[in-house]
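Chain identifiers are assigned alphabetically (A, B, ...) following the order of the sequence lines, protein sequences preceding nucleic acid strands; residue numbering begins at 1 within each chain.
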Amino acid sequence: MMRSHRAGDLRADDVGESVVLCGWVASRRDHGGKVFLDVRDVAGVVQAVVDPQLPGLEVAHRLRHEWVVRVVGDVSARPDGTVNDDLPTGAVEVIAREIEVLSEAEPSPFPLDDRVDVDEVLRLRHRYLDLRRAPMQRNLRLRAAVNRVMREAMTEQDFVEIETPMLVASTPEGARDFVVPSRLRPGEFYALPQSPQLFKQLLMVGGFDRYFQIARCLRDEDLRADRQFEFMQLDVEMSFADQEDVLDAISVAVLAAAEVSRPGAGLASIPRITWHEAMERYGSDKPDVRFDMELVELTDIFGDTDFRAFAGADAVKGLRVAGQADMTRARLDALTERAKALGALGLVWMRVRDGGELESPVAKFVSESEQLALIDALGAVAGDLLLIVAGKRAMVRDVLGTIRLDLGRPPVSEGGLRFVWVVDFPLFEETLGEDGRPAPMHHPFTMPHPDDVERLESDPLSVRAQAYDLVLNGWELGSGSVRIHRPDVQQRVFSLIGFDPTEAQQRFGFLLDAFRFGAPPHAGFAVGIDRFVAILAGEENIREVIAFPKTQSGVDPLTGAPTPIDPTQLRDLGLRLSPPKE
RNA sequence: GGUCCUGUGGUGCAGUUUGGAGUGCACGCCGCCCUGUCAAGGCGGAGGCCGCGGGUUCAAAUCCCGUCAGGACCGCCA
C-alpha cells in the first residue's frame, strides 16, 4: 500500500490508527534528539514526530524542504500544551515508525510559502512549484468547481454539450486570428477559433435547440490583466428563444457558480440596466455598481451660463466625491491631466466648504443660482469634492466614468458579487467607421430591436440591438444577442455596413446557405470563465486562475514558447521565412 | 505602435533623491549544537556582472542615453 490516509485529513477521531502518508516535507524542525516534520499533501499538513535515535529514522536529520517522503506511523493525540489551533490537524500528530525518501529535491528557487510575493516570471518559469502553493491550489480547484456546476446547470436545463472544431476557416471580421498552415494544401491556412460563434448557429439549424460548450477561444491580440491569447468560455445557444430565455438560462448557471464560491450569499436574481442608463449614470457599459459616486446630469443647470467652459456644451456632468474636499492641489492637477489625456478640454473641481460655499479657481464664473442648483443636483455637503466635465456627451461620460473608477473602485476581493445585465446595446458603434458606414457593435448577425427596425436605414445609429452583456463588479463577463435568422433583415444589415451580397456570400456563405433551409429563431451568449473565476477567487489578474499562462508579451517562461521551428517543418508546410526586420 | 512603473546574493526588501569601498535587514542555503517545536531556537559560514551596453565623472547600484525582461494602461480585443 502506497498510502492509507491523506495527511491533511487526520483528526482527533483517527487517534490510534496506523497510517501511511505520502507527501512533501513542508517544514523540518530538528531538535537533535527529536525531529518534527510537517508533511504536506493535497489535503493539507500534518505534523510527524520522529525519534532519529531509532534504527532507520536517522534519515530525519537529512530531510530537506520539498523532499517527497512516505511516512509509516501511528496517529497520536498531541500532549497537553502542544495542540496547534492554527492547523486543522493540530490536535494530532503521527509518531513515525518508518520514513522512506521517495524523491530528493534541490532547494526551491523561491519560497513555497504563500506569505511571500514572488516575481511572477520566476513563478511561471517554475510553475510546477508555484502550483504547490495554497493560492494556486485554491484557485484551480475553484475553477474546476465553477466549470462543474455550470456544466451541471446547463445540462439540467436540457442543453446539450457539443464540441466544435479547433481548426476552422479564417474570417476577416473581428480579432486577429491565430493561423495554422495546412500541410496537405500548401499555401492555405486554418484559423484557430475566436469563438464557436458560427458553428453554434449551425447547430441551431441542425436541430440541437439547446447547445452549450466549455470552449477554448483564441485571439491574437495584445494581452492584459484580463486577457490571454487563449481563454475559456461557457458558450451557449438556444432556438425558439428570446432574450429573456437566454438571460434566465445563463443566470441559473452563473448564480450556481457564485453559490459554490460564496455559499449562502443568497444571490437570487441579476438586476438589469439599459446600455443608455449605464453610460449616463456610470460612464461605462460595464458599470461597477459596488459603489455609488454616480455621474449626475448638470446640462440643464448650465443651459444659459456665462461660464465659457460650460456654455453651449453638448453635455455637462459631474461627480460628487464624498469627503475629499481636502484633496491636495497636486492630486487635483493630476486628475485634470488624466481628464485631458482622456480627451476632455479640462476638469473643473470645486471644494464644498462649510455653509455650502464653493471653493474653486472658476467659482467666480459660476453664478450663485447655478452654484445652488449644482449643490442640490449633486447632493453635495460640506467636505465634498465636486468634479465636472463639459463637452461632447460621449467624451464627458467616458472621462467621468474613468475618473469614477480611479477614485472609487474597491479591490476585486471587496464589495461582494454585484452582477448586472446591461441590455439594449446600440446595434452600431456610436460613430461611423472610416468608410462612413455604421460598424456593428457586436457582430453583423445581431437582431435589431423590433421597435427600431424601421429606422435601420433612416437613423441607423439610434437603432437598439437585441444584444446584452453580463457584468460582474465592473468586469465584462460575457455578451450575447438574439441572432438574425431572416434573410431579408440580414441583407439590410449587410448592405448598411457595406457588405455587398457577393462579399457576404464569400465570407459567411455557408451560414447564409444554412439559413435558407429552415432556420429557427435563435439567441445565445458566452461567459468568460477566466474572468469569472478570477473575480470569485478575489484575483485582479486572470493569470492567477490559469495553470500555465503567458506573460504580457505572449511568452510562456516555462516552455519557452513561442520558438523557432525546424527548417524541415517549414518545408513540409510550404513556408519560407522572410528575413528579420531591421 | 505609445505612456507609466519595476529590475540589487537563491527569495523579499532597503540603499538611488544629494555619486565616495557591494553597505544593511529578513527569509532561504551549508555546517555544528539542541527531546515539544510548529515561520522552532542558538552559534558559525558561504553566496553579488547592483538586468545588459554605452556615456558623464578623479569616482556610478546611484546621473544621462540606449537596450532587454516583467508589470499596469492606451491603441487593439466584431
Residue [X], side-chain atoms from C-beta onward, closest of [options]:
X: A:H65; options: B:rG70, B:rG36, B:rC29; result: B:rC29
X: A:Q552; options: B:rG36, B:rC29, B:rA72; result: B:rA72
X: A:F36; options: B:rU37, B:rC73, B:rC77; result: B:rU37

Quiz item: With sequence neighbours excluded, what pairs up with A:D406 under the salt bridge (charged side-chain N to carboxylate O under 4.0 Å, His left out) test?
Solution: A:R338
Considering only the [atom1] atoms, how many Å lie between [N] and [M], rounded to the nearest integer?
N: B:rG7; M: B:rU16; atom1: C1'; answer: 13 Å
N: B:rA60; M: B:rU17; atom1: C1'; answer: 15 Å
N: B:rA40; M: B:rG53; atom1: P; answer: 40 Å
N: B:rG12; M: B:rC34; atom1: P; answer: 35 Å
N: B:rA39; M: B:rG45; atom1: P; answer: 28 Å
N: B:rG20; M: B:rU62; atom1: C1'; answer: 11 Å
N: B:rG22; M: B:rG44; atom1: P; answer: 26 Å
N: B:rG75; M: B:rC64; atom1: C1'; answer: 30 Å

Do the side chains of [X] and [Y] get close enough for a salt bridge, i.e. N-O under 4.0 angstrom?
X: A:R492; Y: A:E457; answer: yes
X: A:R127; Y: A:D130; answer: yes
X: A:E230; Y: A:R219; answer: no
X: A:R464; Y: A:D452; answer: yes
X: A:R329; Y: A:D333; answer: yes
X: A:K286; Y: A:D469; answer: no

Can you tell me if [X] touches the phosphate of [N], counting only side-chain N or O atoms and a distance under 4.0 Å to OP1 or OP2?
X: A:N541; N: B:rA72; result: yes
X: A:R543; N: B:rA72; result: yes
X: A:R64; N: B:rC30; result: yes
X: A:R29; N: B:rU37; result: no
X: A:Q194; N: B:rC77; result: no
X: A:T551; N: B:rG70; result: yes

For [X] and [N], what is the distance between atoms [atom1] and [atom2] respectively, to the nearest whole Å?
X: A:L223; N: B:rC74; atom1: CG; atom2: C1'; answer: 15 Å
X: A:Q47; N: B:rC38; atom1: CD; atom2: P; answer: 10 Å
X: A:D38; N: B:rA39; atom1: CG; atom2: P; answer: 8 Å
X: A:D86; N: B:rU37; atom1: CG; atom2: C1'; answer: 13 Å
X: A:D113; N: B:rG28; atom1: CG; atom2: C1'; answer: 11 Å
X: A:R123; N: B:rG71; atom1: CZ; atom2: P; answer: 12 Å
X: A:N84; N: B:rA40; atom1: CG; atom2: C1'; answer: 12 Å
X: A:L405; N: B:rA72; atom1: CG; atom2: C1'; answer: 15 Å

Pair partner, [N] [Watson-Crick or wobble, under 3.5 Å]:
N: B:rA39; result: none
N: B:rG10; result: B:rC27
N: B:rC63; result: B:rG55
N: B:rU3; result: B:rA72
N: B:rG22; result: none

Is it the case that the base of [N] and the side chain of [X] share a donor-acceptor contact (distance under 3.5 Å, atom types as modelled)?
X: A:D222; N: B:rC76; result: no
X: A:R227; N: B:rC77; result: yes
X: A:R338; N: B:rC73; result: no
X: A:E221; N: B:rG75; result: no
X: A:R78; N: B:rC38; result: yes

Quiz prompt | Ring centers of A:H31, A:F36 separated by less than 6.0 Å | solution =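 When the ring centroids of A:H31 and A:F36 are compared, they turn out to be within the sub-6.0 Å range.
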Quiz item: Quick one: are the ring centres of A:F508 and A:H443 less than 6.0 Å apart?
Solution: no
Exercise. Report, as a single string ordered 5' to 3', how protein heavy atoms within less than 4.0 Å touch nucleotides 5-11 of chain B: B base, S sugar-phosphate only, - not at all.
Key: -----SS
Practice problem: Determine the contact category for A:E93: base if any of its heavy atoms lies under 4.0 Å from a base atom, sugar-phosphate if only primed atoms, P, OP1 or OP2 are that close, otherwise nothing. | Solution: base
Quiz item: Just checking A:S553: base, sugar-phosphate only, or nothing, at a heavy-atom cut-off of under 4.0 Å?
Solution: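 Counting heavy atoms under 4.0 Å across all strands, the contact made by A:S553 is with sugar-phosphate only.
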Exercise. Quick one: sort the A:F494 and A:F445 rings into parallel, tilted or perpendicular, breaks at 30° and 60°.
Key: perpendicular
Exercise. Map A:G81 and A:H61 onto RNA chain B by nearest heavy atom, then report which one ends up closer to the 5' terminus.
Key: A:H61
Quiz prompt | Upstream residue (5' side of RNA chain B) when A:V555 and A:D226 are each assigned their closest nucleotide | solution = A:V555
Quiz item: How far apart are the closest heavy atoms of A:D235 and A:A215, and which atoms are they?
Solution: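 Result for this residue pair: CB-CB, 4.4 Å.
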Quiz item: Does the aromatic ring of A:H31 sit over the six-membered base ring of B:rA40, closer than 5.5 Å centre to centre and tilted less than 30°?
Solution: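 Check passed, A:H31 stacks on base of B:rA40.
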